[in-house]
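So the structure is just underneath, and the comments pick up after that.
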Amino acid sequence: MDVSSSGLPASVALLGTGPMGAPIARNIIAGGVPLTLWNRTSHKAAGIAGGRVAASPAGAASDVVLTVLPDLPQVVALLHGEDGLLAGWKAAGTEHPVLVVHGTVSPVAVAEFAAECRCAHGVTVIDAPLSGGTIGAEEGRLSTMVGGPREVVEQLEPLFRLYSATVARFGDTGAGSTVKACNQIVVAATVTALAEAMALAEASGLDLERVQSVLAGGLANSEVLRQKGQRWIDADFEGGGSAKNQLKDLGFIAEVATQAGLTLPVAGSLLTAFQAMVSAGRGDLDHTGIYLGIRG
């Protein structure tokens, strides 16, 4: 990986300019890093001022490629074929490319994927899931949990700092995703606990805004309440972090727990609750919409 005088990678691309990827891209560009962008629907990438839009993943094959995609299969799909990253790296003569997986993926699967990419293609895969939501991405204060070779992660840290308030390496590839699994237990549990509190308050004829102001002033305060509280007040659950993605994450948690020989009662209950929400046809709603099933 070539590094500029500023300590930042000299050649960077970001693939996936959705709700999280777009603000990350804007923060990277604002940090003075030339950035190549690719998105399956190209107009979303073209709408980001200051970036160079590539016509294919091959055209975006830089020394460091950041992927901000829902799950690992979408990342794997970018590698192969004449328009894939592998072809692009080969054409550019890139000897030691780095592929960063910013999505929330299975720790087990990403570790296996990293080993395959290293052995078969000489590609270093870093798993670096994010926490902080779209607001955190816009404000450049995400929490980035990293797994991968120490020396590569150290080279990437100045880049991650352009959109992250916290960057921490936990071990080899897969470790970052395990930490994200821990994070998602707390997020899903907090969302569901607040939804239950709001349902109880509403059923009791209480003013939700006033109830939330009291919660925010005490031990029940949280970043989830700060970012998501208005959704319960407005009964607006469109967009945001979807319930189906929350369910996906809870599945990864169950996978890691099984591997570790643990039974996680709260995570198990959350998995059941979000399965019911998705089965009820509400999977595309924000995960705060778990409230709708609680309220009945």
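Quick caveat: nothing in here was measured; it's all calculated off a predicted structure.
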| request: Please step through side-chain hydrogen bond (donor to acceptor under 3.5 Å, both in side chains) for the pair Q227 and E223, ending with a clear verdict. | output: CA-CA 6 Å; Q227 288 196 28; E223 185 67 13; 2.9 Å; yes
| query | Between N183 and S131, do the side chains contain an N or O donor and an N or O acceptor separated by less than 3.5 Å? | reply | yes
| task | Kindly write out the residues that satisfy ring-ring contact (aromatic ring centres under 6.0 Å, His included) with H102, not counting sequence neighbours, or none if the list is empty. | result | F160, Y163
| said: I'd like to know if the side chain of N27 reaches the main chain of P23, judged simply by a donor and an acceptor atom lying under 3.5 Å from each other, with no hydrogens or angles considered. | reply: yes
| task | Report the C-alpha distance between E255 and S106 in whole Å, list the side-chain angles of each, state the deciding distance to 0.1 Å, and finish with yes or no for side-chain hydrogen bond (donor to acceptor under 3.5 Å, both in side chains). | result | CA-CA 8 Å; E255 180 183 27; S106 161; 2.8 Å; yes
| said: Please determine whether a side-chain nitrogen of the Lys or Arg among R231 and E238 lies less than 4.0 Å from a carboxylate oxygen of the Asp or Glu. | reply: no
| Does D234 reach the main-chain N or O of D236 with its side chain, forming a donor-acceptor pair under 3.5 Å? | no
| message | Could you check whether S143 and T166, counting side-chain N and O atoms only, form a donor-acceptor pair closer than 3.5 Å? | response | no
| request: Show your reasoning for whether side chain to side chain contact (heavy atoms under 4.5 Å, CB included) applies to Q246 and V187. | output: CA-CA 9 Å; Q246 187 75 84; V187 170; 4.1 Å; yes
| Does any non-hydrogen side-chain atom of M198 lie less than 4.5 Å from one of V211? | yes
| request: Return the minimal non-hydrogen interatomic distance between P97 and G122, and the atom names on each side. | output: CD-O, 3.8 Å
| Between A60 and A13, what is the shortest heavy-atom contact and its length? | O-CB, 3.0 Å
| task | Measure from the side-chain N and O atoms of R210 to the backbone N and O of V214, and report whether any donor-acceptor pair falls under 3.5 Å. | result | no
| field | Any donor-acceptor pair under 3.5 Å from R169 side chain to G148 backbone | value | yes
| field | Backbone of P73 reached by a side-chain donor or acceptor of D71 within 3.5 Å | value | no
| Closest non-hydrogen atom pair between T173 and A114, with its separation | CG2-CB, 3.6 Å
| query | So, N39 side chain and T17 main chain: donor-acceptor pair closer than 3.5 Å or not? | reply | yes
| request: Assess whether side chain to side chain contact (heavy atoms under 4.5 Å, CB included) is satisfied between I24 and L14, documenting all intermediate values. | output: CA-CA 9 Å; I24 289 171; L14 184 144; 3.7 Å; yes
| message | Counting only heavy atoms from other residues, nucleotides and ligands, does the tally under 6.0 Å from CZ of R40 exceed 12? | response | no
| said: Is the shortest side-chain heavy-atom distance between L194 and K228 below 4.5 Å? | reply: no
| query | Between T178 (side chain) and G174 (backbone), is there a donor-acceptor pair under 3.5 Å? | reply | yes
| query | In this structure, are over 12 heavy atoms from other groups packed under 6.0 Å from Q230 atom CD? | reply | yes
| query | Closest heavy-atom contact between T263 and P265? | reply | O-CD, 3.3 Å
| Is the shortest heavy-atom distance from the side chain of R226 to the side chain of I135 under 4.5 Å? | yes
| query | How long is the span from the CG atom in L270 to the CD atom in Q184, to the nearest 0.5 Å? | reply | 11.0 Å
| K180-T104 side chain donor-acceptor pair, cut-off 3.5 Å | yes
| request: Keeping the roles fixed (side chain from S56, backbone from G59), state whether a donor-acceptor pair exists under 3.5 Å. | output: yes
| field | Minimum side-chain heavy-atom gap L264-I253 below 4.5 Å | value | yes
| Just checking, is any N or O donor in the side chain of S177 or D127 under 3.5 Å from an acceptor N or O on the other one? | yes
| request: Please examine the side chains of K244 and M277, heavy atoms only from C-beta on, and report whether any two atoms are closer than 4.5 Å. | output: no
| remark: Apart from V76 itself, members of its ILVMFWY cluster (side-chain separation under 4.5 Å) are L15, W38, V65, L69, L72, V75, L78, L79, L85, L86, W89, L99, V101, V105, V110, F113, V123, V125
| Any P107 side-chain heavy atom under 4.5 Å of V256 side chain | yes
| Any donor-acceptor N or O pair under 3.5 Å, side chains Y291, E196 | no
| note | Separation between CD (Q212) and CG (L225), nearest 0.5 Å, reads 5.0 Å
| remark: Here the gap from F274 atom CZ to S269 atom OG, rounded to the nearest 0.5 Å, amounts to 12.0 Å
